[in-house]
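Worksheet for the structure shown next.
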There are 2 protein chains.
Amino acid sequence: MANSASGDSVVDRVVRVIEAFPEGVTSLQLTELADRAGLPLSSAHRLVRQLSQHGLLDLGAGGTVRLGLRLWELVNRNSPTLALRQAAMPFMEDIQQVLNQNVNLAVLDGWEALFVERLSRRGSVANRARIAGRMPVHISSAGLALMSHQSREVQAEYLEQFEDPSGKVTAQAVRHFLAEAAQQGYAQLAGVVDPDTWGIAVPVVNGKRRTVAALGVVVPLAEMRLQALVPALQTAARGIGRQLGD
Amino acid sequence: MANSASGDSVVDRVVRVIEAFPEGVTSLQLTELADRAGLPLSSAHRLVRQLSQHGLLDLGAGGTVRLGLRLWELVNRNSPTLALRQAAMPFMEDIQQVLNQNVNLAVLDGWEALFVERLSRRGSVANRARIAGRMPVHISSAGLALMSHQSREVQAEYLEQFEDPSGKVTAQAVRHFLAEAAQQGYAQLAGVVDPDTWGIAVPVVNGKRRTVAALGVVVPLAEMRLQALVPALQTAARGIGRQLGD
DNA sequence: ACACGTTCTACCATTGAATGGAAGGTGCTG
DNA sequence: CAGCACCTTCCATTCAATGGTAGAACGTGT
């Protein structure tokens, strides 16, 4: 036995270590980390120590492993979402001020909407969809808005593989939603995430006519005023797109 | 010549690649990246390709390298600042609502304050750009608030190495500021970052009496009302500390 | 149209850095 | 105090990582 009995490179292992943290978990014991990453304890230990010397991980006393502050800093300084967030924030704040609703910004990654930024409704305490959270395309208005503006090929590929584990939604239904969203210029979805809420999202299109994000709000059913919301969102989305350039 | 002519490990190199992005730069050409990371082009190319296969980097056509969406997601989901931000956000929103000022949250890293979250003043153009930004301890109220609550040893070590490149501030002056902040329970600093603004920050103390963050506001000189601001900040800071537990 | 510079990508023989089992700490629990 | 669970260190073995070289794909100035 020698270099990597399992046939994986060092890079593979570094990635597995970082990916080993389950969602929302910030701290892991060394043994558990090694287990989750599928690495021999001594190898995991060596890797973690090396990474923590550079500040990407934080190896505390007693084998407690956390992601490093330096990693957080580097990623949040240089992430490609940075320009998007900077362009979008003023408009998101406007929406929040004027409509007083939860505002969110998402991008498409695979067949899921990845939420990049969120402003919560004034006065509200709890907060469902989190920053860096994901939602399948077919159960989020943001996801539908994004997918409805993808090329025919991408949409076909998406519908091809579509399968709803709960069995509540058919590919046919999703196709219908997407067509509707494409035609109307916005996507809406009622009571899916939470029975008493309504989601509305519009695409954000950059200078090259590429759909790069979706801007959306989540409103209580009782306060649903489509006529007021959609134009506000579309105006903001155009403003963001203009800022983006590209 | 063989494994690493320069005597650095693979982990070292991965770190250098991620660190190669200058602040605010989200996209780098492969050649420039190799240059900045101090790696032979072919090695950089191999590493980047491997990392991008896992989604930590994004190697686009023409050798354009960006940080990967997956990396952003993983870090923002599992970062140790997550609990802090979640605990602090409601209180920061309260402050923003009541005082209508720029609110920020920082932690101490080395001899600098690292800004973890920021809410901008209503109506102002969002300067959210400064999330993940750093400020030296001696020119930020947050930094002073954090340092004033560190142990004697840490403070001594800090003052020992202190040197102001601009020569405007002496170690003696900083010592004075820290003592004052420790005694008063808050730190203030006028017109340093911006000649017309005043910074005030208070420490956030967790259940174990450890100072884990600083909560601060930046107000225009004209609107300076210390009597109103400090109690509000201190109340919020206590609330955050209670949420944190630990 | 052509030559030149620049940048990305692929190949592959060489070799020392990475590996992981085993053994030695450390701290907790019954 | 024995037993367990976990962290940490050591070191001989060996194959994965390395980087010079060469070719492909641009773009640019003449």
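Just so you know, these numbers use all the heavy atoms, side chains as well, and skip hydrogens, waters and symmetry mates. By convention in this document, chain letters (A, B, ...) are assigned in the order of the sequence lines, proteins followed by strands, and residues within each chain are numbered from 1.
- What separates CD of A:Gln50 from C1' of D:dT8 is a distance of 15 Å, to the nearest Å.
- Residues from residues 34-44 of chain A with heavy atoms under 4.0 angstrom of DNA chain C, sorted by number: A:Pro40, A:Ser42, A:Ser43.
- The environment of CZ in A:Phe177 is sparse: at most 12 heavy-atom neighbours from other residues, nucleotides or ligands sit within 6.0 Å.
- In this structure, CD of A:Glu32 is placed 14 Å from C1' of D:dA5, rounded to the nearest angstrom.
- Between B:Leu47 atom CG and D:dA16 atom P there is a gap of 16 Å when expressed in whole angstrom units.
- Computed from coordinates, the B:Arg46 CZ to D:dT21 P distance equals 16 Å when rounded to whole Å.
- Both A:Gly62 and A:Val11 lie close to DNA chain D; mapped to their nearest nucleotides by heavy-atom distance, the more 5′-ward contact belongs to A:Gly62.
- When each of C:dT19, C:dT7, D:dT9 is scored by its nearest atom to the side-chain atoms of A:Arg49, the top-ranked nucleotide is D:dT9.
- Within a 6.0 Å radius of CD in B:Gln161, other residues, nucleotides and ligands contribute more than 12 heavy atoms.
- As a whole-Å value, the separation of A:His45 NE2 from C:dT19 P is 14 Å.
- No donor-acceptor contact under 3.5 angstrom links the side chains of B:Thr211 and B:Gln150, judged on distance only.
- Taking CD of A:Glu19 as the reference point, atom CG of A:Asp12 lies at 10.0 Å (rounded to 0.5 Å).
- Taking atom CG of B:Leu28 as the reference point, atom C1' of C:dT7 lies 14 Å away to the nearest angstrom.
- Legend: residues meeting salt bridge (charged side-chain N to carboxylate O under 4.0 Å, His left out) with A:Arg36, ordered by chain and number and at least two apart, are A:Glu32.
- At whole-Å resolution of the value, CD in B:Gln29 and C1' in D:dG27 are 13 Å apart.
- Below 30°, between 30° and 60°, or above 60°: for B:His138 and B:Phe162 the angle between ring planes is above 60°, a perpendicular geometry.
- Between B:Arg13 and D:dG19, a side-chain N or O to OP1/OP2 separation shorter than 4.0 Å is present.
- Using modelled atom types, one finds a donor on one side chain and an acceptor on the other under 3.5 Å when comparing A:Glu93 with B:Ser120.
- For B:Val10, the side-chain atoms get nearest to D:dT18 when compared with the rest of D:dT8, C:dT9, D:dT18.
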